[in-house]
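Below: the structure, in structure tokens.
Positions are given from 1, in the same order as the sequence printed here. Atoms within each ligand, like the ligands themselves, are counted from 1 in listed order.
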Amino acid sequence: MEEQYLLEIIFLGTGASVPTKDRSLQSIVVRRGSEILMFDCGEGTQRQMFAARLGLNRKMKIFVSHMHGDHVFGIPGLIQSMSLLGRTEKLRIFGPEGIRDFIESINRTVPYNLAFELDVTEIEDGLVTSEQEYEILSAWGKHVIPCLSYVLAEKPRPGKFNVRIAKRLGVPEGPLWKKLQMGKSVTINGRTVSPRRIVGHSRRGAKIVYAVDTRPCRSIEKLARGADLLVAESTFDDSKKDKASEYGHSTASETARLARRAKVRKLALTHLSAAYKDPNVLLRQAKRIFKPTILARDLQRLEVEPSKK
Ligand SMILES: [Zn+2]
Ligand SMILES: [Zn+2]
């Protein structure tokens, strides 16, 4: 009963403000088993989902950072395409104040004929949702309008199940294995078998942080502490430090310093200004401060494994 499990990031759009021929607008997806967790939904996101072969009828939640167009204008198109393609699964959307009005005004003015349920929740910082296997938490960053960063924190994963010992102890495959895996004892022919004999120690879950459209700040640093992956903005390079500060963004070095202070394992830069013909300048500046940095590309996939510690 080895764990069948995949935690994968797919960068659907990595650009800022206006799309370019190489970069669609901001959206990333975390594929967690059969569920899709989407962070931001810039214009054209549904087309990027087709390109990434993600399908539009999966269990899915969307988390919106803030009410700027390059982060939300993809939602109407995505809902429209989902309707036309016969989605039946409920779609949950979380975001700061304004997200409900935005979705409702489109529902009111553009007839979608929705065949699925839309559930929109306005949130503040703190716990956003607690599911069986993970939690989503949020924190306010520092932007020109209220903007949330998010963390996906998996709950500890169950320990490894030792099939050989289970068979030796005469525990038949099926519901009893599941019970043991969940940490409960089972009884076989009047004999109690403890999970300790068959299931190993529980393992640490992964932590992924998404922080865009923000100045570097304490709340984000705290949110990102010890993350396996920090996906964060680098809208500008270091020569545009003043502009970054004025517009509530970060430079490559500022984000790299935050990643280093927060002791994350890996940093992926996104939300790159369309002005950069060669965005590698951002990567070079960040890597000087924090080596395990990558520059995210549209449709790039990245598998995330929690650290063993
Ligand atoms: Zn933006
Ligand atoms: Zn913004």
Side-chain angles (χ1 to χ4, degrees), residues 9-30 37-48 62-78 93-103 122-125 138-151 208-217 219-220 223-224 230-238 240-252 254-256 258-259 267-276 279 282 286 295-300:
I9 305 284
I10 306 164
F11 296 93
L12 294 180
T14 57
S17 308
V18 281
T20 65
K21 71 177 176 43
D22 299 317
R23 290 183 193 271
S24 194
L25 290 175
Q26 195 56 44
S27 181
I28 78 156
V29 147
V30 178
L37 304 169
M38 176 180 281
F39 296 88
D40 281 332
C41 187
E43 236 173 295
T45 290
Q46 88 270 49
R47 195 159 179 266
Q48 295 296 85
I62 302 178
F63 302 91
V64 170
S65 62
H66 66 305
M67 299 307 295
H68 272 159
D70 54 332
H71 299 254
V72 295
F73 281 163
I75 298 176
L78 178 62
I93 302 176
F94 300 86
E97 190 182 351
I99 189 70
R100 189 179 288 129
D101 260 5
F102 174 65
I103 305 284
E122 292 194 338
I123 54 163
E124 300 266 342
D125 55 345
S138 63
W140 294 114
K142 251 183 163 175
H143 192 39
V144 287
I145 62 169
C147 183
L148 290 164
S149 290
Y150 290 97
V151 54
I208 297 169
V209 177
Y210 175 75
V212 296
D213 289 49
T214 180
R215 297 284 303 139
C217 57
S219 56
I220 305 299
L223 196 75
L230 168 63
V231 179
E233 78 144 284
S234 172
T235 310
F236 299 113
D237 79 291
D238 296 346
K240 301 211 169 58
K241 198 169 183 293
D242 293 344
K243 207 169 169 187
S245 171
E246 186 184 343
Y247 291 101
H249 286 294
S250 300
T251 66
E254 286 171 335
T255 297
L258 184 138
L267 168 66
L269 299 177
T270 185
H271 198 273
L272 314 182
S273 162
Y276 294 103
L282 301 162
L295 197 63
R297 293 186 319 273
D298 278 24
L299 301 178
Q300 183 178 2

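Coordination check, C147 versus the Zn ion (ligand 2): failed, since every N/O/S atom of the residue sits at 2.8 Å or beyond. Among the atoms of H68, an N, O or S atom falls under 2.8 Å from the Zn ion (ligand 2).
The NE2 atom of H66 and the NE2 atom of H143 meet at the Zn ion (ligand 2) at an angle of about 100°, given to 10°. Take the Zn ion (ligand 1) as the corner point: the lines to NE2 of H271 and to OD2 of D213 open at 100°, to the nearest 10 degrees. Rounded to the nearest 10 degrees, the angle OD2 (D70) to the Zn ion (ligand 1) to NE2 (H71) equals 100°.
Side-chain atoms of T251 and K240, non-hydrogen and from C-beta on, never get closer than 4.5 Å to each other. Residues Q300 and I10 are not in side-chain contact: their nearest non-hydrogen atoms beyond the backbone lie 4.5 Å or more apart.
With no hydrogens or angles considered, a side-chain donor-acceptor pair links S65 and D40 at under 3.5 Å.
In this structure, H143 and H66 have perpendicular ring planes: the angle between them is above 60°, well past the 30° mark. Using cut-offs of 30° and 60° on the angle between ring planes, the pair F39 and Y210 is tilted.
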